[in-house]
Amino acid sequence: MLLQDLERVLYSAEDLAACARRLGEEIAAAYAGEEVVAVGMLKGATLFFADLVRQIDAPLQFDFMGASSYGCSAQSSGEVRITKDLAADIAGKHVLLVEDIVDTGCTLHHLLPLLARRGPRSLRLCALLDKPERRKFDVNIDFKGFSVPDEFLVGYGLDYAGRYRNLSCIGVLKREIYV
Ligand code: IMP
Ligand code: MG
């Protein structure tokens with residue numbers, strides 16, 4: 001039923017599982033046994049986060065954060081609002097932020113410096129998807145899943161109007177659904 005609204009599938013559940021495995025190994029190697037606080041960005045990154053953390057063979061804690069980036073502009077960071085903050089202090093910790101997709105880069109360009117001011121020992125970013133054609137704000141992605149074309153994607157956490165997050169694959173939404 002939900003699948004009928006896709007123009008095509010970009011990544012199957014198997015592709016996504018393989019990607020989480022690859023990134024999990026890269027991440028475990030990068031931290032070399034040091035404890036990591038993995039921070040999942042609500043709500044889009046939750047499914048990827050759940051798969052990724054199970055592939056990171058290292059001491060690890062979870063936390064979650066919500067941010068909304070309504071009306072982004074280059075001028076100020078006021079347009080990124082924290083809708084749910086971390087439960088614990090990250091000072092002195094190795095923090096790995098886990099995001100679904102970096103699109104314009106606005107959210108993370110403003111959020112990463114805000115987290116850096118809390119004094120983590122390190123702060124790195126893992127993003128499942130990167131849409132480089134749409135980038136307006138510079139963001140350094142330390143661990144990247146896939147680079148995707150400039151199309152509207154749904155599934156595996158990504159939504160359109162709150163729906164389609166529960167698809168196990170990622171696909172391009174049919175234009176007739178959103179125009
Ligand atoms: P940015 O601040 O423009 O980088 O936006 C990042 C956020 O926009 C992501 O965390 C997603 O929630 C959302 N987003 C960007 N591209 C897509 C897409 O193709 N489908 C669904 N959500 C998207
Ligand atoms: Mg998001």
Side-chain angles (χ1 to χ4, degrees), residues 1-13 15-16 19-20 23 27 38-53 62-86 95-117 123-179:
M1 199 181 127
L2 286 178
L3 276 174
Q4 290 167 359
D5 292 352
L6 298 184
E7 190 182 294
R8 65 182 200 279
V9 172
L10 270 190
Y11 302 107
S12 67
D15 296 334
L16 294 166
C19 180
L23 289 172
I27 290 166
V39 175
M41 292 299 297
L42 300 173
K43 302 170 189 165
T46 49
L47 299 188
F48 172 51
F49 184 84
D51 287 338
L52 180 70
V53 290
F62 286 9
D63 211 334
F64 294 93
M65 188 160 201
S68 74
S69 58
Y70 228 38
C72 258
S73 76
Q75 286 83 316
S76 76
S77 61
E79 53 292 278
V80 172
R81 198 166 56 89
I82 294 180
T83 53
K84 190 216 169 280
D85 207 342
L86 296 172
V95 175
L96 176 68
L97 198 64
V98 180
E99 179 58 301
D100 50 2
I101 182 166
V102 184
D103 184 26
T104 66
C106 176
T107 314
L108 291 168
H109 178 83
H110 292 110
L111 192 64
L112 285 167
L114 193 149
L115 291 176
R117 269 182 254 127
L123 178 59
R124 286 193 259 199
L125 173 66
C126 176
L128 174 63
L129 304 176
D130 179 17
K131 220 189 248 182
E133 287 168 52
R134 297 245 313 157
R135 198 63 39 82
K136 288 201 194 98
F137 300 85
D138 197 34
V139 173
N140 181 47
I141 305 175
D142 300 281
F143 307 98
K144 190 196 309 191
F146 303 109
S147 285
V148 295
D150 181 12
E151 292 180 288
F152 197 78
L153 309 178
V154 294
Y156 197 57
L158 294 164
D159 74 304
Y160 168 64
R163 289 164 57 199
Y164 304 103
R165 294 193 198 273
N166 55 326
L167 271 172
S168 342
C169 62
I170 291 178
V172 179
L173 191 63
K174 282 183 179 162
R175 283 191 67 83
E176 68 220 49
I177 309 275
Y178 61 92
V179 293

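Only this structure's heavy atoms are used, side chains among them; waters, hydrogens and symmetry mates stay out. Just so you know, ligand 1 is whichever comes first in the structure, and atom 1 is the first atom listed for that ligand.
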Using a strict cut-off of 4.0 Å, indicate which atoms of ligand 1 neighbour a heavy atom of T104.
1 (P), 2 (O), 3 (O), 4 (O)
Give me the ring orientation class for Y11 and F146: parallel if the planes are under 30° apart, tilted from 30 to 60°, perpendicular past 60°.
parallel
Pick one of side chain, backbone, both or neither for how R134 approaches ligand 1, counting any non-hydrogen atom pair under 4.0 Å.
neither
Of all the atoms in ligand 1, which lie at a distance below 4.0 Å from a heavy atom belonging to K131?
16 (N), 17 (C), 18 (C), 19 (O)
What about F49 and F64, are their ring centers closer than 6.0 Å?
yes
Could you go step by step and tell me if L16 and S168 meet the side-chain contact (heavy atoms from CB on, under 4.5 Å) rule?
CA-CA 9 Å; L16 294 166; S168 342; over 6 Å; no
When you measure from the side chain of D142 to the backbone of L125, do you find a donor-acceptor pair of N or O atoms at a distance under 3.5 Å?
yes
Assess the side chains of D5 and Y160: does a donor N or O sit below 3.5 Å from an acceptor N or O?
no
With I170, the side-chain contact (heavy atoms from CB on, under 4.5 Å) member among L128, V148, V154
L128
Ligand-residue contact atoms, ligand 1 with E151, heavy atoms, under 4.0 Å
19 (O)
Would you indicate which of L158, L173, D103 comes nearest to atom 5 (O) of ligand 1 when only heavy atoms are counted?
D103
Run the numbers for me: atoms of ligand 1, each under 4.0 Å from some heavy atom of L153, listed by number.
18 (C), 19 (O), 20 (N), 21 (C)
Which atoms from ligand 1 have a heavy atom of E99 less than 4.0 Å away?
10 (O)
Ligand 1 contact on D159 by region, counting heavy-atom pairs under 4.0 Å
backbone
Check whether K131 reaches the backbone of F152 with its side chain - one donor and one acceptor, N or O, closer than 3.5 Å.
no
So for ligand 1, is G105 a polar contact partner (N or O within less than 3.5 Å, distance only)?
yes
At a 4.0 Å cut-off, with the gap strictly under it, does some heavy atom of G44 reach an atom of ligand 1?
no
